[in-house]
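Sequence lines set the chain letters: A, B, ... in the order given, protein chains first and strands last, and positions in each chain run from 1.
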Amino acid sequence: MFAQAMEPGTEVEAGYGTDAIQFDDILLIRMASGTGPDHIVRLWTNPQCLVTTRRFAKRAEFDRASAASSAAGWPVYVRSTGGTAVVHRPGILNLSILNRSTDIPLDIELGYAALLAKIRTGLKTFGMDAGFGAVEGSYCNGRHNIVVGGKKLAGTAGAVKFGRGVRCVLAHASISIDGSVADDIEVITMFERALGLSSHYERASQTTLSDLLAN
Amino acid sequence: MVDILVPEGLWNSGDEAAISVWLYEDGDIVSEGAVIAEIMVEKSTFELLAPASGALRRTIDIEVPIDQGAIVGRIG
C-alpha cells in the first residue's frame, strides 16, 4: 500500500543481493550514455545483507569484517553512493530515483528532494508527514535522512555521473517498513567495530512505518 | 603537466568534501575522461575525471578535506 501510494502502478522488484544494488549503477551508466528515459523510479527489496561504501571497503580490516558478517548471515556488498553501512532485509523498501539533464543546475539536492516528495506522498496515505534531518545516534546519519516525529525512517544517499553534455543524478532511500531496528543496529555495529570503528547507535533514534502506525 | 582540479558548483560550498577513494595508484597511466577518484560529500559521491591522458601524480591523500577548485593531483 505504501509502495503503491508513492509510485502508483510500479511493481516492487524482488532483488537478490549485489545484483539488485548494482542495478542502480547500471541504470546510471546507461543514462549517462544518453540511452533510455530521462527519469526512472525504482522500488525494490533485497534479502538480508549489509550494504556499505567504497570508503569502508578500502579499510584494511574490510575482508575480515565482511567474512565475519557473512558467516553470521549478513553478506556485505558495496554500493557506489556515499555514507557508511546500512542493512537491507525483508521489511526494508528501497526507492531509487534517477534523473538526467543537460542543465548544469540539476544537482544532487534535487535528487534528495525528489525522494522526500515521494515518501511524503506515501505517508500522506497514513495521515503522516516527514522532513529532512540528521538524527543524532542513527546509523549512516546525514542531513538528508527522512525523519518522522524526530526519528529516522529512511536513510538516503546519492551519486552524480557525467555523460557527454549531460549530468545524471541517482538518489536512493532505504525505508524501514517493519522489523527490528535494534537488530539492525546490532548487525551494523558489529560490522563497523570489526572495521576498527568505535560505532555506537541509539535504538530510540530510528523508527519503522509499523512502529509509527502502532503509536 | 595538467592539474587535476576538484569540480566546482556540484555541492553546497559549506559542505565538507574529501577524496574517499583513488581508483589509480601514483604513476599509473590514465586516459582522459577516465574516472580516477571518488569524492564524497556527506552521503553523495561525485566522480573525479582525468582532464588529460598520462601518468597520474596524486598530491592529496584520501579523507583530507578539499575545497571546490583545489588541485588534488597532476597528469603528465
Under 3.5 Å side-chain donor-acceptor pair for A:T208 and A:S210:
no
Cut-off 3.5 Å, side chains only: do A:R55 and A:T53 have a donor facing an acceptor?
no
I'd like to verify something: which residue of A:R54, A:H144, A:R143 has the highest number of heavy-atom pairs under 4.5 Å with chain B?
A:R143
Counting only heavy atoms closer than 4.5 Å, note whether A:T84 contacts chain B via side chain, backbone, both or neither.
neither
When the 4.5 angstrom heavy-atom criterion is applied to B:E38 and chain A, the contacting part is side chain
Given a strict heavy-atom distance threshold of 4.5 Å, which part of A:Y112 is in contact with chain B: side chain, backbone, both, or neither?
side chain
The complete set of ring-ring contact (aromatic ring centres under 6.0 Å, His included) pairs with one or both residues in residues 4-42 of chain B, sequence neighbours excluded, reads B:W11-B:F46
By a 4.5 Å heavy-atom criterion (distance strictly below it), what part of A:K161 contacts chain B: side chain, backbone, both, or neither?
both
For A:M128, is the CE atom crowded, meaning more than 12 foreign heavy atoms sit under 6.0 Å from it?
yes
According to the ring-ring contact (aromatic ring centres under 6.0 Å, His included) rule, which pairs have a member within residues 28-50 of chain A, sequence neighbours left out?
A:W44-A:H88
